[in-house]
Amino acid sequence: MKELKVCWVSAGVSSFMAGWLAGDVDEWIYIDIDDQHKDSMRFIKDIEKAIGKNVEILRSEQYKTVEECVLSFGGFRNPYNSFAPCTNWLKKRVRKKWESEHQDYDLTYVWGFDLKEKNRAERTIEANPQAKHEFPLIDKNLSKEEVHGLFERTFDFKRPLMYDLGYPNNNCIGCVKGGMGYWNRIRKDFPEVFEARSILERKVGYSILRDCYLDELDPNRGNMNTEIFPDCGIMCYLADK
């Protein structure tokens, strides 16, 4: 079988730097959805210039937005686990379709987990036996902060705008996995997204947050800097439920 090393780029700094540090990536793949900040595609184009290769852009053939998935599913998550419809249809199924078309390859995936995410890396190996896995950031003992510093020292193009706005990851705008602090920040920076998600909650009869609907959220509640908020790009690619 022909070997194929793939870096699944999430339009985040960590996933790109993991592929760059791996050094021998055959294919770079980015799964795009309409809810991603428009600057994400600029970042992908800059990556292409930096690595001298095209980044393959994949998209769901069934849905375009988080809202479409939520309306079809009738909620934001399965109450028994962390499954989210946008995770499943916009990212996981797209990756699975690509895998089904590459069954004749011996696959190795490169992921951007950092030093603090060793447990997630181990779970990734267990949940995805269809490929081998590499974690260059962990192998080099790099924290997220160190990865960003290395990026800024090495490359002359800007990281995605969401980081500079203060968000820890370049997730979709209005990520359903965000906490109270995150949503209060979205209320400030992207009021139209906050309003649309508030309306969507009432339409499906379920809330994104556990304690309240968005239109009931106290503007002073939560702290985005202390909330657990994973890079949804990586976790959406890997979700197995």
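Below, each value reflects all heavy atoms present in this structure, side chains not excepted, and no hydrogens, waters or symmetry copies.
Side chain of N170 to main chain of A11: a donor-acceptor pair is present (N/O by atom type, distance under 3.5 Å, no hydrogens or angles). Listed for the N184 side chain is a donor-acceptor partner under 3.5 Å among the backbone atoms of P219. The closest donor-acceptor contact from the side chain of S72 to the backbone of C69 lies at 3.5 Å or more, if one exists at all. Between the side chain of N54 and the backbone N or O of E56, no donor-acceptor pair lies under 3.5 Å. Side-chain atoms of S15 come within 3.5 Å of backbone N or O of S10 as a donor-acceptor pair. At least one donor-acceptor pair under 3.5 Å links the side chain of Y182 to the backbone N or O of C175.
In this structure, E146 does not pair ionically with K116, as no charged nitrogen and carboxylate oxygen lie closer than 4.0 Å. Electrostatic pairing of K5 and E134 counts as a salt bridge here, judged by a charged N lying under 4.0 Å from a carboxylate O. D34 has no carboxylate O lying under 4.0 Å from a charged side-chain N of R59, or vice versa, which leaves the two without a salt bridge. Between R95 and E99 there is a salt bridge, since a side-chain N of the basic residue sits under 4.0 Å from a carboxylate O of the acidic one. Using a 4.0 Å cut-off between charged nitrogen and carboxylate oxygen, K97 and E101 count as a salt-bridge pair. Ion pairing of D164 with R159 is present here, as a side-chain N (NZ or NE/NH1/NH2) and a carboxylate O approach within less than 4.0 Å. Salt bridge R197/D35: present, at least one basic N to carboxylate O contact under 4.0 Å. Salt-bridge formation is not detected for the pair R123/E126: no Lys NZ or Arg NE/NH1/NH2 atom is positioned less than 4.0 Å from an Asp or Glu carboxylate oxygen.
No more than 12 heavy atoms of other residues, nucleotides or ligands lie within 6.0 Å of OH in Y105, so this atom counts as exposed by the packing criterion. Within a 6.0 Å sphere centred on CD of E3, heavy atoms belonging to other residues, nucleotides or ligands number 12 at most. A 6.0 Å sphere centred on NZ of K53 holds more than 12 heavy atoms belonging to other residues, nucleotides or ligands. Around atom CD of E195, no more than 12 heavy atoms belonging to other residues, nucleotides or ligands sit under 6.0 Å away.
I199 and V204 fall into different hydrophobic clusters, where Ile, Leu, Val, Met, Phe, Trp and Tyr side chains are chained together by heavy-atom contacts under 4.5 Å. In this structure, L115 is not a member of the same hydrophobic cluster as F135, with clusters built from ILVMFWY side-chain heavy atoms closer than 4.5 Å. Hydrophobic clustering, with ILVMFWY side chains joined whenever heavy atoms are under 4.5 angstrom apart, keeps V193 apart from Y213.
If you take CD on E122 and CD1 on I138, they are separated by 8.0 Å, rounding to the nearest 0.5 Å. Residue W20 holds its CH2 atom at 10.0 Å from CH2 of W28, rounded to the nearest 0.5 Å. With rounding to the nearest 0.5 Å, the separation of CD in E27 from OH in Y109 is 10.0 Å. With values rounded to the nearest 0.5 angstrom, M17 atom CE is found 10.5 Å from K140 atom NZ. Here the CG-CD1 distance, from D189 to I173, works out to 9.5 Å after rounding to the nearest 0.5 Å. Taken from CE in M180 to CG in L214, the straight-line distance is 9.5 Å, to the nearest 0.5 Å.
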Original post:
Can you check side chain to side chain contact (heavy atoms under 4.5 Å, CB included) on I51 and V25, steps first, answer last?
Top reply: CA-CA 10 Å; I51 63 176; V25 172; over 6 Å; no
Original post:
Going through the checks in order, is the side chain to side chain contact (heavy atoms under 4.5 Å, CB included) test met by W8 and W98?
Top reply: CA-CA 12 Å; W8 292 94; W98 182 91; 3.8 Å; yes
**OP:** Take D114 and S14, measure what side-chain hydrogen bond (donor to acceptor under 3.5 Å, both in side chains) needs, and give me the verdict at the end.
**Re:** CA-CA 8 Å; D114 60 52; S14 293; 5.1 Å; no
**OP:** Go through E68 and W89 one step at a time and tell me if the side chain to side chain contact (heavy atoms under 4.5 Å, CB included) criterion holds.
**Re:** CA-CA 10 Å; E68 289 179 357; W89 288 315; over 6 Å; no
**OP:** For the pair F76 and E201, evaluate side chain to side chain contact (heavy atoms under 4.5 Å, CB included) and give the outcome as yes or no after the intermediate values.
**Re:** CA-CA 8 Å; F76 294 96; E201 282 187 327; 3.7 Å; yes
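Side-chain atoms of D139 and L21, non-hydrogen and from C-beta on, never get closer than 4.5 Å to each other. Two residues are said to be in side-chain contact when any heavy atoms from C-beta on lie closer than 4.5 Å; K188 and F194 fail this criterion. Contact of the F190 side chain with the E192 side chain is registered, since non-hydrogen atoms from C-beta on lie closer than 4.5 Å. For the pair E145 and H148, the minimum side-chain heavy-atom distance is 4.5 Å or more. Contact annotation: the side chain of R153 approaches that of L150 to within less than 4.5 Å [non-hydrogen atoms, C-beta and beyond]. A 4.5 Å side-chain heavy-atom check between P168 and K144 finds at least one atom pair inside the cut-off. R42 is listed as a side-chain neighbour of K158, based on a closest heavy-atom distance under 4.5 Å. Between L71 and Y63, the closest side-chain pair of non-hydrogen atoms is not below 4.5 Å.
Just one of K92, R93, K177 meets the side chain to side chain donor-acceptor pair (under 3.5 Å) condition when paired with T87; it is K177.
Aromatic ring pairs are classed by plane angle as parallel below 30°, tilted from 30° to 60° and perpendicular above 60°; the pair W111 and F113 is tilted.
The two residues Q103 and M1 make their nearest non-hydrogen contact at O-CE, 3.5 Å. When all heavy atoms are compared, the tightest approach of C7 to G19 is SG-CA, 3.7 Å. Across all non-hydrogen atoms, the minimal contact from N169 to Y163 is CA-CE2, 3.8 Å. A pairwise comparison of heavy atoms in Y206 and G75 identifies CD1-CA, 4.1 Å as the closest pair. Annotation for C172 and Q36: closest pair SG-OE1, 4.0 Å, computed over non-hydrogen atoms. Taking each heavy atom of L90 and S60 in turn, the nearest pair found is CD2-CB, 4.1 Å.
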